[in-house]
Trainee: 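There's a structure below that I have some questions on.
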Amino acid sequence: MPETPAKLTVHDLACARGERTLFTGLDFELNVGQLLLVRGGNGRGKTSLLRLLCGLSSPLDGEVRWRGDPIRRTRDVYHREMTYVGHVNGVKDDLTPLENLRMAAAIADRPLDEAHALETLKRMGLERCLDLPARVLSFGQRRRVALSGLVVAGALLWILDEPLTGLDVHGVALVETLLCQHVAQGGMVVMTTHQPLALDGVDIVPLMVGELSAAPGGQ
Amino acid sequence: MTALATHYDPTRENDSFSPLRFLWTVIRRDMLLAARRRGDWLTSQFFFVMVVSMFPLGIGPEPEVLRMVGPGVVWVAALLASLLSLPRLFAEDYRDGSLEQMLLSPEPTVLVTLGKALAHWCIYGIPLLLITPLLGVQFSLPAEAIGVLVISLLIGTPILSLLGSIGAALTLGLRGGGVLLTLLILPLYVPALIFGAGAVDGALSGIGYSAHLSLLAAFLVLTLMVAPWVAASALKVSIE
């Protein structure tokens, strides 16, 4: 496989939900060390865009490319390098946090470093919940389990749909640190949020999604 | 923090066992989750036992009549019991988002649907096989016929799980999906029912049962080849 530089490109992307067209002609490019911040009102298609970028749904028109190839064709390579945390956490109620991470790693076909996983869970403030099934955890705590999985997976591209929902002040600060570190390490992030973010020194690419043809802003 | 994983890992790329390993991961996962939640799957086993046991009570104790209806009753009850459990096949994982994560796995989605159908068979089908000899006695079936009944279910119940996974994937996220699933899938169960119950009838009447069992096995092979792919496509449509 040729070693093309990691880059997420979107060409002339259009998306429709049912009869309604959410956006058309969306173009952008995301390079290593950048964070794409998707903004837009409720129901404007932020989540739909993120699902298109993951390959969970297919666009009405246009193409998403990873390292220059359409993600349809290089699905396995792309999915190995990408982690998605959606609206729902993907955390199983009957498993403990560590078992959840173990399962997620097995499903994503990634090796799991147990010590690192445990350390990450503790870092995410779940020290006191390690023996509890996720059923008894609060929404914010389950969110933290999902975000721990994101860190442990160590993927290059993070696609995050409202990662801050349900998190307390410390949680938000923690996520901000994680994002900064990830981008500084040469990672890439695509995320949506309605909350203000304090990301110092991060190369943020803003993107408005809406009825009008969206134009990428300055970098 | 560890370094970011690189996309290209030659040891994994040439690993021809990786699909099998992933399949086993999916099966093990579903079985672990079922073990944590026993009440869920025991209900359909009890349903099977109850339905089958109602017939001798309703029909009366004549051994001739019971022997005649027995194989059909056990088979129909097995179909209904599998339909009772199928709506949960993908629904739980869909609700908590782990189904999305499974579709985002680098491994093909068809392994997810195949693995989940096989896990469903292990959880719902195998216990059914174990109780059946006891239920056969209720219908005063001779030992040979009970043996054929168990073998026919052994070949037949994987068909029910595999075909059922198509229906479960198609009706995922729909309101009243359970009823729709029944209407969609029951007609597809008909060949399994005919050959399965027919094998036991053959054993009872002395015509022989091997033809029926062979056809049932052929149907299983066909289902095994087709159903996971259809279910995977249906799943992608449902989750979009």
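Chain naming here is simple, since letters A, B, ... match the order of the sequence lines and numbering starts at 1 in each.
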Trainee: Does a donor on one side chain sit under 3.5 Å from an acceptor on the other, for Thr113(B) and Trp229(B)?
Mentor: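 Trp229(B) and Thr113(B) do not have a side-chain donor-acceptor pair below 3.5 Å.
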
Trainee: Is Arg17(A) in contact with chain B via its backbone, its side chain, both, or neither, using a 4.5 Å heavy-atom distance?
Mentor: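 Arg17(A) touches chain B through side-chain heavy atoms alone.
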
Trainee: Can you say whether Arg29(B) sits under 4.5 Å from chain A via the side chain, the backbone, both, or neither, judging by heavy atoms?
Mentor: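 When you check distances to chain A, atoms from both the backbone and side chain of Arg29(B) fall under 4.5 Å.
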
Trainee: Does a side chain donor of either Thr74(A) or Asp69(A) reach within less than 3.5 Å of an acceptor in the other side chain?
Mentor: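 No pair is found: no donor N or O on one side chain lies under 3.5 Å from an acceptor on the other.
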
Trainee: Under a 4.5 Å heavy-atom cutoff, which of Thr120(A), Val88(A), Ile107(A), Val91(A) has the most pairs with chain B?
Mentor: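 Most heavy-atom pairs within the cutoff with chain B belong to Ile107(A).
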
Trainee: Anything under 3.5 Å between a donor and an acceptor, one on a side chain of residues 95-102 of chain A, the other on a protein residue two or more places apart or in another chain? List them.
Mentor:
from, atom 1, to, atom 2, distance (Å)
Thr96(A), OG1, Glu99(A), N, 3.4
Thr96(A), OG1, Glu99(A), OE1, 3.3
Glu99(A), OE1, Thr96(A), N, 2.9
Glu99(A), OE1, Arg36(B), NH1, 3.0
Glu99(A), OE2, Arg36(B), NH2, 2.8
Asn100(A), OD1, Lys92(A), N, 2.8
Asn100(A), ND2, Lys92(A), O, 3.2
Asn100(A), ND2, Leu95(A), O, 3.3
Asn100(A), ND2, Thr96(A), O, 3.3
Arg102(A), NE, Glu114(A), OE2, 2.8
Arg102(A), NH2, Glu114(A), OE1, 3.3

Trainee: Could you look at Ser58(A) and say if it's the side chain, the backbone, both or neither that has a heavy atom under 4.5 Å from chain B?
Mentor: both

Trainee: For Leu99(B), is it the side chain, the backbone, both, or neither that has a heavy atom closer than 4.5 Å to a heavy atom of chain A?
Mentor: neither

Trainee: Counting heavy-atom pairs under 4.5 Å to chain A, which of Glu240(B), Glu92(B), Arg95(B) comes out on top?
Mentor: Glu240(B)

Trainee: When the ring planes of Trp66(A) and Tyr78(A) are compared, do they come out parallel, tilted or perpendicular, using 30° and 60° as the limits?
Mentor: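 Aromatic pair Trp66(A)/Tyr78(A) classed tilted.
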
Trainee: Could you check whether Ser85(B) and His120(B), counting side-chain N and O atoms only, form a donor-acceptor pair closer than 3.5 Å?
Mentor: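 Yes, Ser85(B) and His120(B) have a side-chain donor paired with an acceptor closer than 3.5 Å.
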
